[in-house]
Engineer: 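Handing you this structure, nothing more for now.
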Number of protein chains: 2
Amino acid sequence: MTAPAGEGTEWVWKALSDPTRRKVLDLLKRGPRTTGGLAEVFPSLSRFAVMKHLAVLERARLILVERRGRERWNYLNPVPIRQIYERWISDYEGLWAGSLLKLKRHVEQPNERSVRR
Amino acid sequence: MTAPAGEGTEWVWKALSDPTRRKVLDLLKRGPRTTGGLAEVFPSLSRFAVMKHLAVLERARLILVERRGRERWNYLNPVPIRQIYERWISDYEGLWAGSLLKLKRHVEQPNERSVRR
DNA sequence: GTCATATGTGACCATATGGTCACATATTTG
DNA sequence: CAAATATGTGACCATATGGTCACATATGAC
């Protein structure tokens, strides 16, 4: 990964770019889980693979961890997701509405495959 | 990349996970550009590297391309970003507000480093 | 203390990613 | 047509990523 890369949301984007990790977050949205409990949800993955994903999520502070006895409880932290929205996605809201009238001609041709490949 | 992965937004997440590509989108938000015009903005990258990024963005349909003569004009398509928001991010809005009261204890400890590493 | 359980570490591997370079093709201009 | 410009292709490379396995450690239950 080399460097945290200025802004601070960099690791969050990386963490969110994997579907398994997004699914983990979706699960934690409904309440905290232990590492083993999470691993059970992904029968196709080894427990170790799940642990690696959790490490990536933790680095991005998308999850917070509390050790209770020999268990590790993983909690969702929604704050970084909010930041992604506020600092980047929301800037595109203007375009979703209108204002891209000049693009419309090009964008909205039913199923135009990039105007001739 | 292997497979488009069910949902359809998969390539969009991958495309957005790179800071250079997000910067390209930020530039295109202000209007279309040619490939060469974009490459000039990234003096640290070769034109070929920029072209590869554009290919990734095009695969995700985040940009749409029109060839005019010997030039290639790249247009932003904001629709996939909107879908990311609607189909995933917005599901976390509830948590941003309150409703995570049970988490608060754990989440909001000033700078707790994952409760002991 | 001993054993089972829950998690962590280290080594390793295949593929994806981000990048390079050399060269090919297409299009405008004189 | 010839030259300059704009983009595209193929081969290649280093590192990151997602995954495996074997083994180590910590904690709760008897």
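Lettering follows sequence order; numbering is per chain, from 1. Excluded from the calculations below are hydrogen atoms, water molecules and symmetry mates; all remaining heavy atoms, backbone and side chain alike, are included.
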Engineer: Within the pair A:Arg68 and D:dT27, is there a side-chain N or O less than 4.0 Å away from OP1 or OP2?
Structural biologist: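 For A:Arg68, the contact criterion (side-chain N or O under 4.0 Å from OP1 or OP2 of D:dT27) is not met.
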Engineer: C:dT5 base to A:Arg70 side chain: any donor-acceptor pair below 3.5 Å?
Structural biologist: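 Yes, the side chain and the base share a sub-3.5 Å donor-acceptor pair.
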Engineer: Check B:Glu40 with B:Arg33, please: is the shortest side-chain N to carboxylate O separation under 4.0 Å?
Structural biologist: no
Engineer: For D:dA6, does either OP1 or OP2 sit under 4.0 Å from a side-chain N or O belonging to B:Thr35?
Structural biologist: no
Engineer: Whole-Å distance between D:dT25 C1' and A:Met51 CE?
Structural biologist: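 Rounded to whole Å, this separation is 12 Å.
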Engineer: In whole Å, what is the span from the CG atom of A:Asp18 to the C1' atom of C:dT15?
Structural biologist: 14 Å
Engineer: Could you state the atom-to-atom distance from CH2 of A:Trp11 to P of D:dT17 in whole Å?
Structural biologist: 10 Å
Engineer: Compare side-chain N and O positions of B:Arg67 against OP1 and OP2 of D:dG8 and report whether any pair is under 4.0 Å apart.
Structural biologist: yes
Engineer: It should be established whether B:His53 places a side-chain nitrogen or oxygen under 4.0 Å from OP1 or OP2 of nucleotide C:dT17.
Structural biologist: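 For B:His53, the contact criterion (side-chain N or O under 4.0 Å from OP1 or OP2 of C:dT17) is not met.
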Engineer: D:dT27 P sits how many Å from A:Trp73 CH2, rounded?
Structural biologist: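 Roughly 17 Å, once rounded to whole Å.
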Engineer: Heavy-atom nearest nucleotide on DNA chain D for A:Ala49 versus A:Gly69: which residue maps closer to 5'?
Structural biologist: A:Ala49
Engineer: Hey, are A:Tyr85 and A:Asp91 close enough side-chain-wise for a donor-acceptor pair under 3.5 Å?
Structural biologist: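 Per modelled atom types, A:Asp91 and A:Tyr85 side chains form no pair under 3.5 Å.
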Engineer: Name the orientation class of the two ring planes belonging to B:Trp88 and B:Trp13 (parallel below 30°, tilted from 30 to 60°, perpendicular beyond 60°).
Structural biologist: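 Ring orientation of B:Trp88 relative to B:Trp13: perpendicular.
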Engineer: Round to a whole Å and report the spacing from CG of B:Leu45 to C1' of C:dT17.
Structural biologist: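 Value for this atom pair: 14 Å.
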Engineer: Using whole Å, what does the distance between atom P of nucleotide C:dC21 and atom NZ of B:Lys52 come to?
Structural biologist: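 These atoms are roughly 13 Å apart.
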Engineer: Quick check: on DNA chain D, is the nucleotide nearest A:Glu71 upstream (toward 5') of the one nearest A:Arg21, or the reverse? Name the residue that is more 5'.
Structural biologist: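 Closest to the 5' end, via its nearest nucleotide, is A:Arg21.
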Engineer: Under 4.0 Å between a side-chain N or O of A:Ser46 and OP1 or OP2 of D:dT20?
Structural biologist: yes
Engineer: Quick one: is B:Arg72 getting a side-chain N or O under 4.0 Å of the D:dG8 phosphate, OP1 or OP2?
Structural biologist: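 For D:dG8, OP1 or OP2 has a side-chain N or O of B:Arg72 closer than 4.0 Å.
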Engineer: Nearest-Å distance, CG (B:Leu54) to C1' (D:dA6)?
Structural biologist: 13 Å
Engineer: In whole Å, what is the span from the CZ atom of A:Phe48 to the C1' atom of C:dA6?
Structural biologist: 11 Å
Engineer: Looking only at heavy atoms, which two atoms of B:Asn74 and B:Leu28 are closest? And how far apart?
Structural biologist: O-CD2, 3.5 Å
Engineer: With a 4.5 Å cut-off on side-chain heavy-atom distances among I, L, V, M, F, W and Y, is there a chain of contacts connecting B:Met51 to B:Val24?
Structural biologist: no
Engineer: Quick check: on DNA chain C, is the nucleotide nearest B:Arg47 upstream (toward 5') of the one nearest B:Val50, or the reverse? Name the residue that is more 5'.
Structural biologist: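 Its nucleotide being nearer the 5' end, the pick is B:Val50.
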